Amino acid sequence: MFTPADHDFMQRALELAALGLATATPNPRVGCVLVRDGAVVGEGWHRRAGEPHAEVVALAQAGARARGATAYVTLEPCSHHGRTPPCVDALLKAGVARVVAAMEDPNPAVNGLGLERLRAGGVDVRCGLLEQEARELNIGFVSRMVRGRPWVRLKAAASLDGRTALPDGSSQWITGEAARADGHAWRARACALLTGIGTVRRDDPRLTVRHVSCSRQPLRVLVDSRLQVDPGAHVLDGGSTLVACAVDAPQRAGKTSALRELGCEVITLAGGAGRVDLAELLRELARRGVNELHVEAGYVLNGALLRAGLVDELLLYVAPTLLGNAIGLAELAPPPTLDARLAFAWRSVDRVGDDLRLVARFPEKT
């Protein structure tokens, strides 16, 4: 069905899509390559929401050469009016003869309708080339559209014996500079960064992207059940931080007002035992367009997310050190049997400076 040349051109489209890794949110990362008579006549990728989609950029570059061409697109062309007109209309108007899409768009507003309209317009349409690679590139967007919640990536730095902090809470720094910079690259691709009040009170993190170039800062989200955060905490610098609590507004009216004066937003999502309803928080973040949620928290919040089955991926940086009887990754009770343990599947193991970067997922999410 697909030729070696088809694979090569789609691979190039995926490379282009990846250029929007840290900027396209909340939209998907999409790349497009236009080919006529075996030669590339136009390329494009979606930079950020509100700007032209990948297909439109490629068509503009190709001009009249787009007529009769094949368009290789990493995601089904949109067929609805959003911030920009439908890409299907642009492709049909340009006279593109063939469209090869890596995957259908999971957005219910599209979900096959774009491909149907192209076929109805006489275009030869094929779908499914390098689909897994395309899904991986937009794993958060797919999660938001299909599950109604972001893809949750839990990041931590640990010793060889799995300890993330000393008994007094000290954790800066277990890993080296290279690992910390790499961690900021993962922050940059996320739509939002989440932490808990324990980490804020102990480490006072900024929770921003600093060690790599980034044209935007992800939304900062603080889980603070009783609104204990100090208004002077770095995580609140510049406002624009979403604070999730579990108390009624009248109980903490003064603190709520102080946070709002700083430009922060406070929402109440009460769960059981006076804690924040984490599942509802994820659904709320999805409603706000968050595709990938990057978690940098302590063992209490890490444990709560894992126990609730809300973690999709672990991003662990492991240093060649031992910390002994110190604080671990997550507050979890021992399983009754080894068969009942939380088991992950390795996605990748790479060396970063003097440390290792481990990426793992639950087997059903690999």
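These numbers come from a predicted model, not from an experiment.
In this structure the side chain of V243 reaches within 4.5 angstrom of the side chain of L227, judged on heavy atoms. The side-chain heavy atoms of L236 and V229, taken from C-beta on, include a pair separated by under 4.5 Å. Side-chain contact between C32 and L16 is absent, with no heavy atoms from C-beta onward closer than 4.5 Å. Residues D355 and V318 form no side-chain contact, since every pair of their non-hydrogen atoms from C-beta on lies 4.5 Å or further apart.
Heavy atoms of other residues, nucleotides or ligands lying less than 6.0 angstrom from CZ of R65 number more than 12. Shown here is D161, whose CG atom has more than 12 heavy atoms of other residues, nucleotides or ligands within 6.0 Å.
Residues R117 and D89 are paired through a salt bridge, judged by an N-O separation under 4.0 Å between the basic side chain and the carboxylate. Salt-bridge annotation for R347 and E136: present, with a side-chain N of the basic residue lying under 4.0 Å from a carboxylate O of the acidic one. Ion pairing of R220 with D237 is absent here, as no side-chain N (NZ or NE/NH1/NH2) approaches a carboxylate O to less than 4.0 Å.
Residue E296 holds its CD atom at 9.0 Å from OG1 of T199, rounded to the nearest 0.5 Å. Rounding to the nearest 0.5 Å gives a distance of 4.5 Å between CG of N291 and CZ of R144.
Residues A270 and A246 approach most closely at CB-O, 3.9 Å, considering heavy atoms. Closest of all the heavy-atom pairs between L59 and A66 is CD2-CB, 3.8 Å. The two residues P28 and L75 make their nearest non-hydrogen contact at CG-CD2, 3.5 Å.
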Anything under 3.5 Å between a donor and an acceptor, one on a side chain of residues 99-116, the other on a protein residue two or more places apart or in another chain? List them.
from	atom 1	to	atom 2	distance (Å)
D105	OD1	N107	N	2.8
N107	OD1	A109	N	3.0

Just list the side-chain donor-acceptor pairs under 3.5 Å for residues 324-336, sequence neighbours left out, or say none.
none

Please list, one pair per line, the donor and acceptor atoms closer than 3.5 Å that link side chains of residues 176-183 to other protein atoms, with sequence neighbours excluded.
from	atom 1	to	atom 2	distance (Å)
R180	NH1	T175	O	2.8
D182	OD1	R357	NH1	3.1
D182	OD2	W186	NE1	3.4
D182	OD2	Y317	OH	2.6
D182	OD2	R357	NH1	2.9

Original post:
Should L242 and C264 be marked as a side-chain contact (heavy atoms from CB on, under 4.5 Å) after you check the CA-CA gap, both sets of side-chain angles, and the distance that decides it?
Top reply: CA-CA 6 Å; L242 178 66; C264 302; over 6 Å; no
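Sorted by first and then second residue, the pairs that involve residues 260-279 and meet salt bridge (charged side-chain N to carboxylate O under 4.0 Å, His left out), not counting sequence neighbours, are E265-R288. Sorted by first and then second residue, the salt bridge (charged side-chain N to carboxylate O under 4.0 Å, His left out) pairs involving residues 41-55 (not counting sequence neighbours) are R12-E43, R48-E51.
With hydrophobic clusters built from ILVMFWY side chains whose heavy atoms lie under 4.5 angstrom apart, V30 does not share a cluster with L14. Note: the hydrophobic cluster containing V40 also contains L129 (ILVMFWY, side chain heavy atoms under 4.5 Å, direct or indirect links). Residues L306 and L285 share a hydrophobic cluster, clusters being chains of Ile/Leu/Val/Met/Phe/Trp/Tyr side chains in contact below 4.5 Å.
When each of Q11, R126, R98 is checked for a side-chain contact (heavy atoms from CB on, under 4.5 Å) with Y72, only R98 meets the rule. Of the residues R149, R153, R361, the one that meets the side chain to side chain donor-acceptor pair (under 3.5 Å) test with D312 is R149.
Between the R29 side chain and the L21 main chain, a donor and an acceptor come within less than 3.5 Å of each other. Proximity of a side-chain donor or acceptor of R187 to a complementary backbone N or O of T208 within less than 3.5 Å is detected.
Remark: P218 engages L193, V209, R216 in a side-chain contact (heavy atoms from CB on, under 4.5 Å) (not counting sequence neighbours).
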